[in-house]
Amino acid sequence: MSFCRPIDTKGRLIILIGMMGCGKTTVGKELSRLTGIPMLDMDTIIEEQIGKSIPEIFQESGEAHFRALETALLRYVESSPPFSTSSFIISTGGGVVLSPVNRSILRRLGFVVWLDASAEVIVERTSRSNNRPLLRTEDRLQVIQNLADKRRNLYQETAHLRIETSGLDVLPVVDVLHASASEFFANPESASIS
């Protein structure tokens with residue numbers, strides 16, 4: 001398997017996008033472990049900086065405020081060392097692509113990978129989590145399908161690569177991601193979503 005070797009990102013980032021429960025955190029942590037590239041989770045950073053959980057931010061200030069925090073964080077990452085000069089893996093929140101500004105920044109930051117999963121798989125993966133403010137509803141499947149429908153084209157527009165994670169374990173996903181990232185950073189002008 002190719003993922004045991006470091007990836008020369010040339011000081012750029014590997015960014016994971018996709019719906020909640022698609023595997024961004026799990027895949028990011030494993031890729032980080034196997035390559036030595038540090039991983040940052042945007043939701044965790046926002047929670048630490050604000051001193052509140054994501055559900056608390058949504059409840060007290062609303063989704064629009066949380067989305068503004070995501071944009072502010074991305075702008076900071078783009079302009080501030082060490083992020084702007086070093087390799088990192090960034091796991092984003094599922095709705096980060098809703099903002100055109102965010103989509104543009106993500107593309108400039110590096111290699112954007114859309115981890116995709118079926119609505120049914122996402123329902124199963126998120127069923128034990130209480131940290132998903134958009135899923136505090138009786139009909140999680142319908143909410144997830146609606147969110148996925150709304151975001152699908154935005155993920156596709158933003159990503160260099162799409163990986164379907166529904167039927168895969170983490171290691172095969174990491175292997176594909178590693179090989180694709182290595183190729184992208186070696187020859188970025190040839191990258192396109194597949």
Side-chain angles (χ1 to χ4, degrees), residues 1-20 22-49 67-117 151-165 168 170-194:
M1 292 188 148
S2 60
F3 56 78
C4 292
R5 295 189 311 269
I7 301 171
D8 181 5
T9 67
K10 299 176 175 43
R12 297 183 72 204
L13 309 180
I14 297 171
I15 303 108
L16 306 178
I17 64 172
M19 290 284 292
M20 62 189 95
C22 69
K24 299 183 298 285
T25 301
T26 302
V27 169
K29 285 179 178 177
E30 188 65 10
L31 183 64
S32 174
R33 186 182 74 79
L34 292 167
T35 62
I37 299 172
M39 183 196 144
L40 302 172
D41 183 289
M42 284 184 60
D43 285 352
T44 301
I45 292 170
I46 289 171
E47 288 180 329
E48 290 172 354
Q49 292 298 310
R67 300 301 171 203
L69 293 172
E70 287 181 318
T71 300
L73 178 55
L74 285 175
R75 285 186 167 143
Y76 178 79
V77 166
E78 184 177 35
S79 63
S80 306
F83 308 110
S84 59
T85 57
S86 301
S87 301
F88 285 92
I89 300 162
I90 305 283
S91 174
T92 64
V96 73
V97 296
L98 296 173
S99 162
V101 171
N102 292 356
R103 295 194 301 273
S104 179
I105 293 172
L106 290 169
R107 291 283 292 196
R108 289 195 302 267
L109 285 174
F111 184 53
V112 184
V113 180
W114 169 21
L115 299 182
D116 198 9
R151 297 173 180 178
R152 186 170 288 110
N153 289 341
L154 303 178
Y155 291 137
Q156 184 165 347
E157 172 189 324
T158 309
H160 296 98
L161 174 71
R162 174 186 169 270
I163 303 174
E164 170 61 50
T165 67
L168 296 178
V170 65
L171 290 179
V173 173
V174 170
D175 194 32
V176 169
L177 199 163
H178 183 284
S180 299
S182 298
E183 184 177 330
F184 172 86
F185 291 115
N187 191 15
E189 56 277 354
S190 68
S192 61
I193 193 165
S194 55

Legend entry - Atom pair CD1 (Ile7) and OG1 (Thr35), whose distance is rounded to the nearest 0.5 Å: 5.5 Å

Inset, instruction - State the CG-OG1 distance between Leu31 and Thr26, to the nearest 0.5 angstrom. - result: 12.5 Å

Inset, instruction - Tell me, please, which residues at least two apart from Pro100 pass side chain to side chain contact (heavy atoms under 4.5 Å, CB included). - result: Arg103

Inset, instruction - Under the side-chain hydrogen bond (donor to acceptor under 3.5 Å, both in side chains) rule, collect the residues that match up with Asp43, sequence neighbours excluded. - result: none

Legend entry - Passing option when Ile90 is tested against Leu40, Ile45, Val112, Ile17 for side chain to side chain contact (heavy atoms under 4.5 Å, CB included): Leu40

Legend entry - Rounded distance (nearest 0.5 Å) linking atom OG1 of Thr25 with atom CE of Met20: 12.5 Å

Legend entry - Ser182 (side chain) donor-acceptor with His178 (main chain) under 3.5 angstrom: yes

Legend entry - Residue pair Leu74, Leu109: steps toward the side-chain contact (heavy atoms from CB on, under 4.5 Å) verdict: CA-CA 9 Å; Leu74 285 175; Leu109 285 174; 4.1 Å; yes

Legend entry - Arg151 side chain vs Gly18 backbone, donor-acceptor pair below 3.5 Å: no

Legend entry - Spatial distance of atom CG (Leu16) from atom CE (Met39) [nearest 0.5 Å]: 7.0 Å

Legend entry - Contacts of type salt bridge (Lys or Arg N to Asp or Glu O under 4.0 Å), residue Arg152, not counting sequence neighbours: Asp149

Legend entry - Distance, nearest 0.5 Å, that separates CE of Met42 from OG1 of Thr44: 11.0 Å

Inset, instruction - Please list, chain by chain and in numerical order, all residues satisfying side chain to side chain contact (heavy atoms under 4.5 Å, CB included) with Arg75, sequence neighbours excluded. - result: Thr71, Val101, Ile105

Legend entry - Smallest separation among heavy atoms of Phe111 and Leu177, with atom names: CE2-O, 4.3 Å

Inset, instruction - Quick one: sort the Phe184 and His160 rings into parallel, tilted or perpendicular, breaks at 30° and 60°. - result: tilted

Legend entry - Closest heavy-atom pair and its distance - Glu30, Arg33: OE2-NH2, 2.7 Å

Inset, instruction - Applying salt bridge (Lys or Arg N to Asp or Glu O under 4.0 Å), name anything that partners Asp116, two or more places apart in sequence or on another chain. - result: Arg162

Legend entry - For Leu69, all residues meeting side chain to side chain contact (heavy atoms under 4.5 Å, CB included), sequence neighbours excluded: Ile46, Ile50, Ile57, His65

Legend entry - Main-chain N/O of Met19 paired to Lys24 side chain as donor or acceptor, under 3.5 Å: yes

Inset, instruction - Using a 4.5 Å cut-off on heavy atoms from C-beta on, say whether the side chain of Ile89 contacts that of Val27. - result: no

Legend entry - Pair listing, side chain to side chain donor-acceptor pair (under 3.5 Å) test, anchored in residues 86-101, at least two apart: Thr9-Ser87

Inset, instruction - Of all the heavy-atom pairs spanning Ile14 and Ala181, show the shortest one and how long it is. - result: CD1-CB, 4.1 Å

Legend entry - Smallest separation among heavy atoms of Thr165 and Ala117, with atom names: OG1-CB, 3.6 Å

Inset, instruction - Determine, stepwise, if the pair Trp114 / Gln156 fulfils side-chain contact (heavy atoms from CB on, under 4.5 Å). - result: CA-CA 7 Å; Trp114 169 21; Gln156 184 165 347; 3.9 Å; yes

